[in-house]
Amino acid sequence: MASLFAKGALLSALCALLAACDDASSRPQIDIDGKTMGTFYSVKVSGDVAIGKQELQRQIDAVLERANDDISTYRADSVLSQFNRSASLEPQPIPRGMADIVLMAQRIGRDTGGAMDITVGPLVNLWGFGPDKHPVKVPEQAQIDAAKQRIGLQHLKLISDNRGEWLQKDLPDMYVDLSTLGEGYGADELVRLMNRNGITNYLVSVGGAVSSRGVNGQGKPWRVAIQKPTDRENAVQALVDLHGYGISTAGSYRNYFEQNGQRYSHVIDPTTGRPINHRLVSATVIAPTALEADGWDTGLMVLGTEKALKLAEEKGLAVYLISKTDDGFSAVMTPQFKAFLVQ
């Protein structure tokens, strides 16, 4: 599974980018861009709003900084980093937002049979795709087996009651990595910020996670482009209207290393402990929240085209999958996704 603060740091080079279309304005529009979570964020607001651009950017940066302070594996003093360093097996208090991420991760982890696993950090780090940035080389099988002994959602417990939320592990050296859902969480936090400010026409994105509501500067629905799995920028595979939903794309074709002529993707299969080696190269999910979409896309990437499509159909998910073929690429989607597609 991908590490997404690790993934976020490399997102522009590793997965299908989601870009807003119809940027030309015929009505007032505010565009704000910046860096967060090792990647980039973008906020577009159209129409007349009560808040000024400078104040809105200040609030955006503050919201995203809090998210980093909670769940970044790149910040030694984040709540998550402190949890990972601690060898205690006692419940440790965590913020409500972090608990929401863990709860979503546990649900999707169960639904994907462990393909999406937020405890897979030791394997991600071992293969050189985590914050430790090990030398890029293929680990020994003994190293992989040792790392696998430290992972598993069954070793992580979320406790919630009227006093707050706690996270508990039963392995002292467990390493939890919430970055697979971090960008989706960040996008949803921006949505909540828009709502608090009474903003009803916006498109927000953090890395590859996007959410929108209302219309753009031309008075048209915000459209999002799914990029073709190539190294060319702005090569559009499909266009969608989100209608207030969240969307996220994960891919395996840009962040990798090669050794002895073989390519090793950053997407790690928790079952094998190794990078995926099937032909699915991009998975896009549309869901009620960007957090949910961001969790599903990585899990589906691990499963591969056939298993991912079957699960998506069983769960009624809006999913768009791109696979590599001998002649190029092929795409398949669920009926739920087709409803969002711009023909």
Side-chain angles (χ1 to χ4, degrees), residues 3-5 7-8 36-39 41 43 56 58-86 88-111 116-119 121 153-170 174-199 202 204-207 209-211 213 244-246 248 287-299:
S3 169
L4 219 154
F5 276 86
K7 180 170 142 185
T36 187
M37 301 182 183
T39 185
Y41 75 78
V43 174
L56 182 58
R58 186 196 67 78
Q59 293 186 24
I60 289 169
D61 290 337
V63 163
L64 294 175
E65 275 298 293
R66 285 196 296 272
N68 273 297
D69 287 341
D70 289 346
I71 63 174
S72 174
T73 56
Y74 285 80
R75 293 189 177 182
D77 59 347
S78 73
V79 176
L80 182 59
S81 291
Q82 293 180 58
F83 177 85
N84 285 335
R85 280 199 308 272
S86 174
S88 173
L89 302 183
E90 296 297 317
Q92 299 181 45
I94 60 173
R96 175 61 183 271
M98 183 171 165
D100 291 341
I101 300 173
V102 172
L103 185 62
M104 181 67 72
Q106 289 177 325
R107 178 172 72 80
I108 296 176
R110 288 192 297 268
D111 288 345
M116 208 290 287
D117 189 340
I118 56 174
T119 73
L153 284 172
Q154 70 273 18
H155 299 294
L156 196 63
K157 183 179 181 180
L158 179 65
I159 303 168
S160 180
D161 60 27
N162 57 3
R163 298 171 300 162
E165 287 77 28
W166 291 263
L167 196 59
Q168 183 178 22
K169 53 188 173 182
D170 62 21
M174 172 171 276
Y175 184 97
V176 176
D177 188 348
L178 299 180
S179 53
T180 298
L181 301 95
E183 292 173 357
Y185 174 68
D188 286 346
E189 285 292 281
L190 293 181
V191 167
R192 284 186 275 271
L193 176 62
M194 297 300 109
N195 293 339
R196 287 197 298 271
N197 281 288
I199 298 172
Y202 58 80
V204 301
S205 67
V206 177
V210 182
S211 190
R213 180 182 175 188
Y245 281 67
S248 182
T289 66
L291 174 63
E292 184 174 357
D294 203 8
W296 275 110
D297 63 5
T298 302

So how far is it from [X] [atom1] to [Y] [atom2], rounded to the nearest 0.5 Å?
X    : Y    : atom1 : atom2 : answer
T36  : E189 : OG1   : CD    : 11.0 Å
L64  : S72  : CG    : OG    : 12.0 Å
M37  : Y74  : CE    : OH    : 13.0 Å
S78  : N68  : OG    : CG    : 8.5 Å
L181 : I71  : CG    : CD1   : 8.0 Å
D69  : L80  : CG    : CG    : 12.0 Å

Just by distance, do the side chain of [X] and the backbone of [Y] share a donor-acceptor pair under 3.5 Å?
X    : Y    : value
T180 : I118 : no
D188 : T289 : no
Q92  : L167 : no
S81  : R75  : yes
R85  : A76  : yes
D161 : R163 : yes

Which pair of non-hydrogen atoms, one from [X] and one from [Y], has the smallest distance, and what is that distance?
X    : Y    : value
M116 : L153 : O-CD1, 3.9 Å
W166 : P91  : CB-CB, 3.8 Å
S86  : K169 : O-NZ, 2.6 Å
A290 : A187 : CB-CB, 3.8 Å
V79  : P95  : CG1-CD, 3.8 Å
E165 : A99  : CG-CB, 3.5 Å

Which side-chain N or O atoms in residues 100-110 pair as donor and acceptor under 3.5 Å with protein atoms at least two apart or in another chain?
| residue | atom | partner | partner atom | Å |
| --- | --- | --- | --- | --- |
| D100 | OD1 | R96 | NE | 3.3 |
| R107 | NH2 | E292 | OE2 | 3.3 |

Note, [X] side chain near [Y] side chain (heavy atom, < 4.5 Å):
X    : Y    : value
M194 : V43  : yes
S211 : Y245 : no
V206 : Y185 : no
M98  : V176 : no

Quiz prompt | Residues, nucleotides or ligands: over 12 heavy atoms within 6.0 Å of F83 CZ | solution = yes

